[in-house]
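What follows is a short report on a single structure.
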Amino acid sequence: MAKAQPQFTCTECGARHRKWMGRCEACGAWNSIIEETPLATGPRSPGARGKVIELSTLQTKETPPPRALSGMAEFDRVLGGGLVAASAILVGGDPGIGKSTLLLQAVAAFARAGLSCLYISGEEAAAQVRMRAQRLGLGDAPVRLGAETSLRDILTTLDTERPDLVVIDSIQTMWLDSVESAPGSVAQVRASAHELVTFAKRRGVSVVLVGHVTKEGQIAGPRVVEHMVDCVLYFEGERGHQFRILRAVKNRFGPADEIGVFEMTGQGLAEVANPSALFLSERGQNAPGSVVFAGIEGTRPMLTEIQALVAPSTLSMPRRTVVGLDGGRLSTILAVLEARCAIPFTELDVFLNVAGGMKVNEPAADLAVAAALLSAREDVAIPPETVVFGEISLSGALRPVGQSENRLKEARKLGFTSAMLPAGGKQSEDTGVDLRAFADLAGFVGEIFGAG
Ligand code: TYD
Ligand code: MG
């Protein structure tokens, strides 16, 4: 029988190599190649048959999986309406963003709601966690606490205790003695996560894994962990801003893209029930370059302020600085403005910013971005109490976007009286907001800014 050749696989990009290397030739990652034992190949023994697996239909009489509510409404919503039993959740975020704080508060809330909860810290000593709990007013919550990094001991403990929920803070500190590499290495993180997730499924324990994110915005090393878990949540926010956003990027039990908004205070994270009001609270009245965008985050409408500054540049390559939006999208919008409306931004520095540390990924923000850029360039303020939304196509046409009605309702709730949007959208006339619809960007520019 042919002996199986050893295989070397990059844990970052999945490329296969014939021999081990320090650096993956395919993606350039260092120290990411591990040896994998392939399944034995060779001729199959004739006549040997597997057994027939049992097949079933898609019909079920089972009720949907029971969900536990923590009472932290923002957290429950991001999970898709509460915690599903025996689920595995990964919470990623920059170091120091507040992951430990958030999960300590969440685990305390679940414990108070009657779940049996464990919090295992691999980064901080038990006394440190207790002190933080005290300061957050969670000292009396029935959470059991452990400070441990040996996964074998943790799994044995979990098997004896059989809690409903366990938080592992963080997966990068865990190590398995069967894997010969340092804690935090890709192999260790992958093996530890695999053990914990398998345990969760087999024993019906929900597991929350905390993972640090590298500078490139990936959960350190193992993108593989993302495939193993049921939900991937990112905790994000700008340093210097007190707002924090918990975003579901993957959820097997609910909508992805759902967000929860929190504010970091002296007493931990406070939920923000009305984020639109908060994101607009710092808005200067009617300054040129400021536009309110009526967006949708997950299932919720949310108004945010988009700010632009355009100034003469002394550089041969003018600056394009973007915070909270996609830089590529800005280039596209600038190109459309130049090609379809004859408004050049050459020799001009462009700064674009979403106020409050929010991140906006919707194409519906295009028109608001264009409006902010034009408003800054022409030094003309957008009419007061106006929201803007719509997608810009490369031809310069404006495309209607989904959920217009929800956007308009939210705008009205916050006291806005008019809206600029693409023509041809489906919304009832009766939203209480003055609608100004435009078929293309050139028409929009002509009407609002007088032909550029
Ligand atoms: P932490 O939860 O330790 O971050 P992570 O686990 O993501 O590394 O949060 C650390 C930051 O949060 C720290 O800079 C201080 C701030 N913080 C507050 O502002 N208020 C509080 O009540 C707590 C507990 C932390
Ligand atoms: Mg921490």
Side-chain angles (χ1 to χ4, degrees), residues 70-72 74-75 78-79 89-112 117-141 143-151 154 165-175 183-184 188-189 192-193 196 207-222 225-226 229 231-249 259-272 278 356-357 359:
S70 66
M72 280 170 85
E74 296 291 301
F75 193 77
V78 176
L79 288 177
I89 297 157
L90 176 68
V91 178
D94 291 328
I97 201 77
K99 299 180 296 298
S100 303
T101 310
L102 174 74
L103 289 171
L104 191 60
Q105 285 181 255
V107 83
F110 278 117
R112 281 181 176 154
C117 298
L118 289 189
Y119 183 97
I120 310 286
S121 177
E123 304 199 331
E124 292 163 279
Q128 278 176 308
V129 180
R130 269 197 294 273
M131 244 158 60
R132 174 181 300 182
Q134 209 71 47
R135 205 153 55 77
L136 299 176
L138 306 172
D140 60 338
V143 176
R144 279 168 308 157
L145 176 66
E148 185 52 64
T149 57
S150 158
L151 203 66
I154 292 171
L165 170 66
V166 57
V167 174
I168 304 287
D169 187 3
S170 64
I171 189 69
Q172 272 99 2
T173 55
M174 296 296 135
W175 63 278
Q188 279 286 4
V189 170
S192 305
L196 283 162
V207 176
V208 177
L209 307 175
V210 175
H212 293 295
V213 165
T214 56
K215 291 218 174 54
E216 297 81 49
Q218 297 183 349
I219 290 187
V225 176
E226 295 195 3
V229 296
C231 304
V232 179
L233 314 179
Y234 276 98
F235 202 40
E236 54 192 36
E238 293 293 325
R239 288 231 167 165
H241 280 295
Q242 69 274 39
F243 311 129
R244 299 282 183 271
I245 289 153
L246 185 67
R247 186 185 294 275
V249 294
I259 69 166
V261 184
F262 297 87
E263 190 177 354
M264 187 56 101
T265 70
Q267 281 77 47
L269 291 157
E271 292 179 67
V272 175
L278 187 85
K359 285 201 175 74

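Bear in mind that the values here come from a model prediction, so they are computed numbers and not experimental data. Both ligands and their constituent atoms are indexed starting at 1 by order of listing.
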For the student: nearest non-hydrogen atoms of Glu124 and Asp169, plus distance: OE1-OD2, 4.5 Å
Applying the side chain to side chain contact (heavy atoms under 4.5 Å, CB included) criterion to Ile171, which one of Leu196, Val207, Leu151 satisfies it? Leu196
Hey, is atom 15 (C) of ligand 1 touched by any protein heavy atom at less than 4.0 Å? no
Got an N, O or S from Thr101 under 2.8 Å of the Mg ion (ligand 2)? no
In the protein, which heavy atom is nearest to atom 22 (O) of ligand 1, and how far is it? Gly268 N, 2.8 Å
What protein heavy atom is closest to atom 6 (O) of ligand 1, reported as residue, atom name and distance in Å? Ser100 OG, 2.6 Å
Short N/O distance, under 3.5 Å, between Thr101 and ligand 1? yes
How far apart are the closest heavy atoms of Gly268 and Thr101, and which atoms are they? CA-CG2, 4.1 Å
Give a yes or no answer on whether the side chain of Arg244 reaches the backbone of Ile97 with a donor-acceptor pair at less than 3.5 Å. yes
Taking a cutoff of less than 4.0 Å between a non-hydrogen atom of the residue and any ligand atom, is Leu103 in contact with ligand 1? no
Numbering as shown, the atoms of ligand 1 that approach Gln267 to under 4.0 Å (heavy-atom distance): 22 (O)
min-distance protein heavy atom vs atom 3 (O) of ligand 1 -> Arg132 NH2, 3.0 Å
So which heavy atom in the protein is nearest atom 24 (C) of ligand 1, and how far is it from that ligand atom? Arg135 NH2, 3.5 Å
Given that the side chain starts at C-beta and the backbone is N, CA, C, O, which of these parts of Met264 lies under 4.0 Å from ligand 1, counting heavy atoms, or is it both or neither? side chain
Work out whether the distance between some heavy atom of Glu124 and some atom of ligand 1 is less than 4.0 Å. no
Heavy-atom pair with the smallest gap, counting every atom of Met72 and Ser70: N-OG, 3.0 Å
Do side-chain atoms of Arg112 reach the backbone of Gly71 as a donor and acceptor pair under 3.5 angstrom? no
Under 3.5 Å donor-acceptor, Lys99 side chain and Asp94 backbone: yes
Audit row: Leu103, Phe75, side-chain contact (heavy atoms from CB on, under 4.5 Å) steps and yes/no: CA-CA 10 Å; Leu103 289 171; Phe75 193 77; 4.2 Å; yes
For atom 20 (N) of ligand 1, what is the closest protein heavy atom, and at what distance to 0.1 Å? Thr265 O, 2.9 Å
Whether Glu74 side chain and Val261 backbone form a donor-acceptor pair below 3.5 Å: yes
Test item: Thr173 side-chain N/O and Ser170 main-chain N/O as donor-acceptor pair under 3.5 Å: yes
N/O to N/O below 3.5 Å, does that happen between Gly266 and ligand 1? yes
Could you tell me the residue and atom name of the protein heavy atom closest to atom 4 (O) of ligand 1, and the distance to it rounded to 0.1 Å? Gly98 N, 3.1 Å
Please confirm whether Gly96 approaches ligand 1 to less than 4.0 Å, judged on its heavy atoms. yes
